[in-house]
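Here's the structure, in structure tokens; my notes come after.
A quick note: this is a predicted structure, and the numbers were derived from the prediction, not measured. Just the heavy atoms: all of them, side chains too, but no hydrogens, waters or symmetry mates, feed the values below. All residue numbers in this chain count up from 1 along the given sequence.
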Amino acid sequence: MVCGGFVCTKNALSALNIVYVLVSLMLIGVAAWGKWFGLVSSIRVVAGVIGVGVFLLIVAFVGLCGALKHHQVLLFFYMMILFVVFVLQFSVSCACLAINNDQQHQLLEAGWNRSKDTQRDIERMLDCCGYSSFSYNETCAASCVKNRSCSKVCADILQSYASEVLQFVGGIGLFFSFSEILGVWLTYRYRNLKDPRPNPGAFL
């Protein structure tokens with residue numbers, strides 16, 4: 001059977017959802033690994049990453065079941081959810097690529113002030129103290145505090161990495177957003193293909 005027929009579309013949709021399953025398991029595993037080894041102490045960050053992984057796993061499971069069984073209802077809901085995710089992810093990815101330095105600074109400062117756990121993680125990993133200013137009378141998780149050799153605040157280091165990180169996140173987000181719109185197209189096409197099995201009710 002030529003590619004574009006029932007079997008080929010089914011296999012392509014199944015393979016795409018298997019990739020989503022692997023990505024979701026990787027997200028859950030990385031978040032759990034980071035928490036287990038103390039790399040990330042913020043429960044909100046870990047819970048957020050695990051939540052995204054679980055959501056993606058559920059969506060991929062729905063799509064995989066719908067593809068294997070040619071289930072019209074599952075495929076419809078999968079297609080709608082995937083389209084909504086595509087719109088959101090595409091918008092966020094474009095925003096990451098278009099954000100300027102002033103906006104980066106505002107976002108970094110807002111994120112810094114939101115969580116004390118995140119502040120300690122950044123100070124410990126980057127060996128810096130404070131966001132834009134620091135006094136040795138304040139608490140800091142960086143190792144440089146012990147010998148009073150802290151020479152940089154965290155804002156300078158974070159700002160130097162922010163552009164590269166946002167470009168990377170935006171590029172990865174765009175890549176996966178196009179894979180999602182591919183999934184929407186495959187699902188729409190697959191729903192309207194006749195199952196070649198001899199069962200007369202297979203299309204229902």
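- Closest approach of Cys129 to Cys154, counting heavy atoms only: N-SG, 3.8 Å.
- Between Val21 and Leu57, some side-chain heavy-atom pair lies under the 4.5 Å cut-off.
- Between Val54 and Ile28, the closest side-chain pair of non-hydrogen atoms falls below 4.5 Å.
- Note on Tyr188: it clusters hydrophobically with Leu182, by side-chain heavy-atom contacts below 4.5 Å among ILVMFWY residues.
- Hydrophobic cluster membership for Val92: none, as no Ile, Leu, Val, Met, Phe, Trp or Tyr side chain comes under 4.5 Å of it.
- The CD1 atom of Ile172 sits 12.0 Å away from the SG atom of Cys96 when rounded to the nearest 0.5 Å.
- The CZ atom of Arg191 sits 11.5 Å away from atom CG of Leu193, with the distance rounded to the nearest 0.5 Å.
- Leu27 is not listed as a side-chain neighbour of Ile50, based on a closest heavy-atom distance of 4.5 Å or more.
- Taking both residues in full, the closest heavy atoms of Leu174 and Cys94 are given as CD2-SG, 4.4 Å, listed atom of the first, atom of the second, then distance.
- Hydrophobic cluster membership is shared by Phe55 and Leu16, with clusters built from Ile, Leu, Val, Met, Phe, Trp and Tyr side chains linked at under 4.5 angstrom.
- Listed by chain and number, the residues in a side chain to side chain contact (heavy atoms under 4.5 Å, CB included) with Gln103 are Ile99, Asn100 (sequence neighbours excluded).
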Scan the side chains in residues 74-89 for donor-acceptor partners under 3.5 Å anywhere in the protein, sequence neighbours excluded, and list what turns up.
from, atom 1, to, atom 2, distance (Å)
Tyr78, OH, Asn17, OD1, 2.8
Tyr78, OH, Asn17, ND2, 3.4
Gln89, NE2, Gly173, O, 3.0

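- Counting only residues at least two apart or on different chains, the side-chain hydrogen bond (donor to acceptor under 3.5 Å, both in side chains) pairs with a member in residues 170-187 are Tyr20-Ser179.
- At a threshold of 4.5 Å between side-chain heavy atoms, the hydrophobic network of Ile, Leu, Val, Met, Phe, Trp and Tyr places Val62 and Val19 in one connected group.
- The cluster map of Ile, Leu, Val, Met, Phe, Trp and Tyr, joined by side-chain heavy atoms under 4.5 Å apart, puts Phe176 and Phe178 in the same cluster.
- Using a 4.5 Å cut-off between side-chain heavy atoms of Ile, Leu, Val, Met, Phe, Trp and Tyr, with links allowed through other members, Phe61 and Leu56 fall into different hydrophobic clusters.
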Legend entry - Val169 vs Leu97, side chain to side chain contact (heavy atoms under 4.5 Å, CB included): CA-CA, chis, key distance, verdict: CA-CA 8 Å; Val169 171; Leu97 295 173; over 6 Å; no
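- Taken to the nearest 0.5 Å, the NE2 atom of His70 stands 14.5 Å off from the SG atom of Cys65.
- Looking at every heavy atom in both residues, Gly183 comes nearest to Leu13 through O-CD1, 4.0 Å.
- Residues Leu68 and Ser14 share a closest heavy-atom pair of CD2-OG, 3.8 Å.
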